[in-house]
Amino acid sequence: VEPLLTVDPAGATPLHRQVYDGLRSAILSGRLRPGDRLPATRSLAGELALSRQTVADAYDQLRAEGYVHARQGSGTFVVPDLLRDTVPFASSPELRSAGFAPQLSLWGRRAAEYANAGDEIPRYDLRPHRVASDDFPWDAWSAAVHRALDGAHADLLSFPPAAGYATLREAVAAHVGTYRSVGCTPDQVVIVNGSRQGLNLLIQLLTEPGARVAVEDPGYPAARAAFEARGLDVTYVPVDDEGMRVESLEAAGGLRLVHVTPSHQDPTGATLSLSRRLALLDFASACRSWVIEDDYDSEFRYEGRPVESLQGLDGNDLVIYAGTFSKSLLPGLRIGYLILPPAMVPHFVAARSLWDGGSPVLEQAALAEFMRSGGYERHIRKMRRVYRTRRDALVRSLARWFGTGARVGPRQGGLNLLVTLDTDIPAEELVRRAARAGIAMRDASPYYVRPPAQPTFLLGFAAITPDDIETAVARWAALAFPGD
Ligand SMILES: Cc1ncc(COP(=O)(O)O)c(C=O)c1O
């Protein structure tokens, strides 16, 4: 017969643990059945060439966990009522993998559709929503982290305030006041783990499944996925070169929530016109709808004056302003913020407490320190020049290599350009060909509910140098228009 268990004297796992593991799996798989007698410690030790104490330690552990019991004078037995039926409790690969997806919630299924494939760092990075890897002020950041650590001992020893770290809330209030004409006090600022967390919590807090909400089409895929995952009744509002076509909201009627990117429409790059801003606020007050103003990259505006925030125009406390440090500083920080109407603050803070208790203290303290020292403003000023140069390079290279074959969307701000190609080759195929040439880019179709008529791409210019932009675009043009 096969031995009950084997041990590997040279293995990394301690021997008593190997004996315990072997007997435990014999019990769980049914080789040792309820009521069976275990070998005497002396004889098992002899068989395995181990000390008796080693085997006795394993038996003690099995006894302590309730697998076996000892009967005075007669030995150690598998507990008789361990398994109620006679089918051995064996793990089944089928149970483990098969049929898992249908057991997911609607939310889980929608999240699975949303998830991106793994990202490798490509030779030429034209993916959207990236930041430059070569111009980060690591020394200043590192100094801020150290100062923060020195000053935050007491705060690290407590749970964080769920609304956010006080000095960071003050710094954010000052920043959005200066840069974005957002009128708020630090009390209205809540810190979140990325503005995406803020959005998901707002959905949780302000909607029941089935409630009517609106997003832009094309629009930010994470917002659409979050709304759909909640089982909301979503209206997809068309977008043109003045941004969201607000007049289409009227047809949708009483909405609970509208998600909009007024400064720099994601992905088209359009700016919501003043008349539409006023119409949107009008609509929102008429049906008491909340408006989430997602202002994800407005720190980077290269032409003209930055447009004032929608929040700054709102006299009725209906606009919730969402900002992030993912573009202006570091995506890996996962820090964003919301500016809430004052009456919503305690409700949001309660929701945040229940959800995860708040954001890590050290990162918040470091960021507050970095902002206080002027490092953040310096970084934005510098990156605005860097990114403007890169944007110009991308526009120039596209014109040089594609001529009239590429249509480029609005370009006054942000880190990406929406580019439409005049070709019959499908967008996914063009992305695949580019990947083979070491160029990573994104087909814009996940942004669209109504698909675009021609292949459309959201090209990022932030994480690639002007020289590399020129090489990548030249190569891509050769792949997209091989006959030319
Ligand atoms: C419209 C929009 N909002 C927000 C974000 C950033 O979200 P987070 O703060 O969660 O990184 C992005 C970037 O991907 C975006 O495109």
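One-based numbering, in listed order, for ligands and for the atoms of each.
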Ring geometry between F136 and W138 (parallel below 30°, tilted from 30 to 60°, perpendicular above 60°): tilted
Tell me, yes or no, whether the heavy-atom count around D424 atom CG, taken from other residues, nucleotides or ligands under 6.0 Å, exceeds 12. no
Give the residue, atom name and distance (to 0.1 Å) of the protein heavy atom nearest atom 11 (O) of ligand 1. S326 OG, 2.6 Å
How about D155 and Y165: does a side-chain donor come under 3.5 Å of a side-chain acceptor? yes
Ligand 1 versus H129, non-hydrogen atoms closer than 4.0 Å: side chain, backbone, both, neither? side chain
Can you list the steps and then say if V176 with Y337 is a side chain to side chain contact (heavy atoms under 4.5 Å, CB included)? CA-CA 10 Å; V176 295; Y337 50 89; 3.6 Å; yes
Does a donor on one side chain sit under 3.5 Å from an acceptor on the other, for T456 and Y447? no
Numbered in order shown, the ligand 1 atoms found under 4.0 Å of a heavy atom of R334 are 8 (P), 10 (O), 11 (O)
Pick one of side chain, backbone, both or neither for how Q197 approaches ligand 1, counting any non-hydrogen atom pair under 4.0 Å. neither
Only one of R352, Q364, Q197 passes side-chain hydrogen bond (donor to acceptor under 3.5 Å, both in side chains) with S359, and that residue is R352
Is atom CH2 of W141 surrounded by more than 12 heavy atoms (other residues, nucleotides or ligands) closer than 6.0 Å? yes
Ligand 1 atoms in contact with R196 (distance to a heavy atom under 4.0 Å): 10 (O)
What is the closest protein heavy atom to atom 16 (O) of ligand 1, and at what distance does it sit? D266 OD2, 2.9 Å
Where's the contact between S195 and ligand 1, heavy-atom distance under 4.0 Å: side chain, backbone, both or neither? both
In the protein, which heavy atom is nearest to atom 12 (C) of ligand 1, and how far is it? K327 NZ, 3.4 Å
Lys/Arg N to Asp/Glu carboxylate O, R432 vs E428, below 4.0 Å: no
Nitrogen or oxygen of T261 less than 3.5 angstrom from that of ligand 1: no
Ligand 1 atoms in contact with Y296 (distance to a heavy atom under 4.0 Å): 1 (C), 2 (C), 3 (N), 4 (C), 5 (C), 15 (C), 16 (O)
Among protein heavy atoms, which lies nearest atom 5 (C) of ligand 1, and at what distance? Y220 OH, 3.4 Å
Atom 3 (N) of ligand 1 has as its nearest protein heavy atom D294 OD2, 2.7 Å
